[in-house]
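Note sheet for the following structure.
Here, residue 1 is the first one in the sequence, and each next residue gets the next number.
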Amino acid sequence: MAEWIFGIAAAALYIGAYLALIIAAYLVVSAITGALAQAGGRSKDFTSLKTVTFGDESAVRASRAASIISILAIFLLWGAFTGSAYAPIHAPGPFKGETEFTYTVATPDGRSDDAEVTFIVFPVGQDVELPEVDPGDGFAKNDIGKVGAWRSTLLRVDRNDELGRAEGASVVAIDGQPIAPGETVR
């Protein structure tokens, strides 16, 4: 649950920073154009007095400052998500490293056993050798797998167990959280 809240808080931080950038740019451009309008006097020509009506495209004028700020914001976002050295902020990248979880298997006759699954998450394009894993003592055996960052994979944990699906065994918990077919555990 704490990881989920941390993920939402991190996303809110980046969205807030993006909104703050847009608002700050708007305030700066408004202040500069307001100061220039006061210094040079407000325009009172026909175009400045018109309201926009349907089909009146002559009343709509591009804002050069908004165009430049939009392009800069796009490059800032691109840099933040690609890890570019040009961007002062960086969005978090994918997890890389080693992670593990424990699953619990139950049989129809009431026996249960725990086994550990270790996953190595590696940068895509890198070749990774899987180390040997101690199978454990019970009928559920420990597993190891690998997956590229930003990718997904399917690991059948019962492929090396002494009792598998054919014998009616099923996974009933992941890291102590109950699970049933069709459900997920974060």
Could you list the cluster mates of L72? Members are the ILVMFWY residues connected by side-chain heavy atoms closer than 4.5 Å, either directly or through other members.
I68
Could you give the side-chain donor-acceptor pairs of residues 78-87 under 3.5 Å, partners two or more places apart or in another chain?
from: T82; atom 1: OG1; to: W78; atom 2: O; distance (Å): 2.8
from: S84; atom 1: OG; to: Y86; atom 2: N; distance (Å): 3.2

Inter- and intrachain pairs under side-chain hydrogen bond (donor to acceptor under 3.5 Å, both in side chains), touching residues 118-142, at least two apart:
K141-E162
Closest contact, heavy atoms only, A73 versus L21
CB-CD2, 4.3 Å
With D175, which residues qualify under side-chain hydrogen bond (donor to acceptor under 3.5 Å, both in side chains), at least two apart?
none
Once salt bridge (Lys or Arg N to Asp or Glu O under 4.0 Å) is applied, what residue pairs with a partner in residues 111-124 remain, sequence neighbours excluded?
D109-R111
Residue pairs involving residues 164-173 (criterion salt bridge (Lys or Arg N to Asp or Glu O under 4.0 Å); sequence neighbours excluded):
D158-R165
Tracing side-chain contacts under 4.5 Å among Ile, Leu, Val, Met, Phe, Trp and Tyr outward from Y26 reaches I23, L27
Residues clustering with F122 (ILVMFWY side chains joined when closer than 4.5 Å, directly or via others)
I120, V128, L130, V133, I144
Partners passing side-chain contact (heavy atoms from CB on, under 4.5 Å) against A65 (at least two apart in sequence or in another chain)
V29, S63
Connected hydrophobic set around V105, excluding itself, where side chains approach under 4.5 Å:
F95, F101, Y103, V117, F119, V121, F139, V147, L155, V157, L163, V171, I174, I179, V185
With a sphere of 6.0 Å drawn around CZ of R159, does it hold more than 12 non-hydrogen atoms of other residues, nucleotides or ligands?
yes
